There are 2 protein chains.
Amino acid sequence: MEIEERSTAARIRDAAIECFATEGIGGTTARRVAAIAGVSPGSVINHFGSMEGLREACDRYLLSVTRDRKERAMTAGPNLDVLASLRDGTHPHLMAYLAEVLSDGSPSVAELVDGMVSDAEGYLAQGVESGMLQPSDDPHGRAVIMVIWNLGLLSMHHHLFRLLDVDLTDPAFASTPAIGNYIRPIMEIYGNGVFTAEFMSSTREAMTALAEHGVTPDSPEEGNAQEGTP
Amino acid sequence: MEIEERSTAARIRDAAIECFATEGIGGTTARRVAAIAGVSPGSVINHFGSMEGLREACDRYLLSVTRDRKERAMTAGPNLDVLASLRDGTHPHLMAYLAEVLSDGSPSVAELVDGMVSDAEGYLAQGVESGMLQPSDDPHGRAVIMVIWNLGLLSMHHHLFRLLDVDLTDPAFASTPAIGNYIRPIMEIYGNGVFTAEFMSSTREAMTALAEHGVTPDSPEEGNAQEGTP
DNA sequence: CATTCTGTTGAACAGTTGTTCAGTGCGAGC
DNA sequence: GCTCGCACTGAACAACTGTTCAACAGAATG
């Protein structure tokens with residue numbers, strides 16, 4: 001099950017990750033992977049049983065790399081950037097591979113996302129304790145939203161690149177000059193919010209009702225909820 | 001170029017949207033679309049030239065529907081929910097189709113996203129004028145981030161459903177009981193932010209430097225920037 | 001040296017794909 | 001009633017796909 005590094009299987013798996021990342025999932029064929037890895041098409045199936053098996057191996061590898069680096073990063077203290085562990089340049093296509101597979105429901109990607117969420121819950125709690133972050137009425141929900149906002153940005157990196165000139169899949173992303181375009185608005189929202197205090201207090205009763213019962217088709221705050229729904 | 005409604009071409013196009021939405025882009029074939037539409041495979045190509053042409057027709061249709069409803073929604077006042085116009089049940093698979101195509105860089109989807117961003121800029125400006133929203137140092141950047149956060153949530157709806165029990169592609173989404181799980185944390189962040197005022201003021205100098213020069217590989221605020229990068 | 005074993009090959013197979021096109025049916029216009 | 005035109009069919013085609021497998025090389029083992 002475990003793949004020896006520097007082995008042929010590892011070369012094939014890395015070639016597959018590169019192919020999935022650059023050609024997309026649909027554009028990846030056994031022959032193309034074989035060509036990149038410098039082996040025969042038969043060898044690809046020989047090692048992984050099928051193309052689906054190869055895809056699963058890539059997912060498992062993504063998961064294991066993330067876990068390895070996460071442990072190393074843990075010692076360096078909490079970090080709100082759930083993706084930082086994939087951006088060290090050792091595996092240049094891993095981030096783009098993740099971006100590609102995020103929006104299809106593979107089980108091991110789900111496991112990865114769930115892990116990121118529970119990590120984020122821990123980091124957020126630490127941030128609250130240390131006085132850096134505000135406490136939340138719904139710590140789990142806040143962690144889910146923040147993690148998926150992040151991953152969503154990654155999976156839409158084409159649009160983000162077009163609109164803000166920032167490439168989230170670039171290993172050298174952190175030293176892009178335009179990175180301010182990306183961080184500035186996010187820090188502004190995370191720092192001050194978007195709604196004014198007046199607006200929040202004027203809709204407080206609707207919000208607490210929402211927190212208790214949820215929105216029902218004919219709940220009276222429907223009008224406000226629609227305007228406020230992001 | 002314009003497709004007559006109720007025509008065979010329209011039926012094929014709707015079948016394609018359904019197929020793209022439910023089977024994914026890779027899982028959609030000419031024969032499957034033909035079966036759903038109740039026509040022969042040849043007819044599919046006859047009407048749209050090729051499968052790529054069919055895909056483009058679907059994108060164009062998505063764009064035109066969005067524009068139509070947007071105009072109608074304009075009269076009802078600004079609305080921060082950029083997706084509300086697609087959620088009226090007339091075309092039950094349009095939202096799921098959008099979710100499917102968001103993460104691949106089709107030109108007309110790019111046009112759609114750009115339109116949503118410039119709409120959002122307008123709505124946000126109106127919200128600022130009316131006192132509902134805080135002004136921003138970077139109105140364009142804020143609009144981009146907020147729109148792509150939203151679209152990213154949509155494109156990751158599988159994960160969101162697993163984690164918060166909310167299905168963004170469901171036409172009846174607004175009346176789901178669990179919708180509070182989704183709205184509550186977002187309203188909290190948009191209302192109050194995430195960082196504390198103390199943390200924000202302690203990193204103010206780093207933030208203003210960022211706003212002016214961006215982050216460079218050896219800029220001194222690198223440490224803080226990493227902790228703050230979401 | 002002979003033999004086994006492991007890893008690799010690449011030709012071949014069956015299945016699916018997009019696309020073509022001669023032929024069919026059917027309704028409108030005369 | 002006849003004919004024309006058009007939309008549609010579905011069998012056929014070439015190009016691809018994942019997968020199989022007999023053959024092969026080369027190192028390790030006896």
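Quick note: numbers below take in every heavy atom, side chains included, and nothing from hydrogens, waters or symmetry partners. Quick caveat, the model's predicted, so the values are computed rather than measured. Reminder, nothing fancy here: chain letters follow the sequence lines and each chain counts from 1.
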Pull out every protein N or O sitting under 3.5 Å from an N or O of nucleotides 4-8 of chain C, one pair per line with the distance.
{"from": "C/dT8", "atom 1": "OP1", "to": "A/T8", "atom 2": "OG1", "distance (Å)": "2.3"}
{"from": "C/dT8", "atom 1": "OP2", "to": "A/H47", "atom 2": "NE2", "distance (Å)": "2.7"}

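- Residues in residues 42-58 of chain A take part in these salt bridge (Lys or Arg N to Asp or Glu O under 4.0 Å) pairs, two or more places apart or across chains: A/R55-A/D59, A/R55-A/D104.
- Distance check: B/I25 CD1 to B/M51 CE gives 10.5 Å after rounding to the nearest 0.5 Å.
- Pairs passing the salt bridge (Lys or Arg N to Asp or Glu O under 4.0 Å) check and including a residue from residues 164-180 of chain A, sequence neighbours excluded, do not occur.
- Annotation: salt bridge (Lys or Arg N to Asp or Glu O under 4.0 Å) contacts involving residues 36-47 of chain B, sequence neighbours excluded, are absent.
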Could you list the protein-to-nucleotides 14-18 of chain C atom pairs, N/O on both sides, closer than 3.5 Å?
{"from": "C/dG18", "atom 1": "OP1", "to": "B/A30", "atom 2": "N", "distance (Å)": "3.4"}
{"from": "C/dG18", "atom 1": "OP2", "to": "B/A30", "atom 2": "N", "distance (Å)": "2.9"}
{"from": "C/dG18", "atom 1": "N7", "to": "B/R31", "atom 2": "NH1", "distance (Å)": "2.9"}
{"from": "C/dG18", "atom 1": "O6", "to": "B/R31", "atom 2": "NH2", "distance (Å)": "3.0"}

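- With rounding to whole Å, A/L54 atom CG is found 15 Å from D/dT17 atom P.
- Applying the salt bridge (Lys or Arg N to Asp or Glu O under 4.0 Å) rule to B/D114 yields the partners A/R162; only residues at least two apart in sequence or on another chain are considered.
- Rounded to whole Å, atom P of D/dT17 lies 18 Å from atom CD of A/E52.
- The salt bridge (Lys or Arg N to Asp or Glu O under 4.0 Å) test applied to B/R31 returns no partner, not counting sequence neighbours.
- When the side chain to side chain contact (heavy atoms under 4.5 Å, CB included) test is applied to B/H47, the partners found at least two apart in sequence or on another chain are B/T8, B/A9, B/I12, B/S43.
- Among pairs with a residue in residues 138-151 of chain A, those fulfilling salt bridge (Lys or Arg N to Asp or Glu O under 4.0 Å) read A/D138-B/R184, at least two apart in sequence or across chains.
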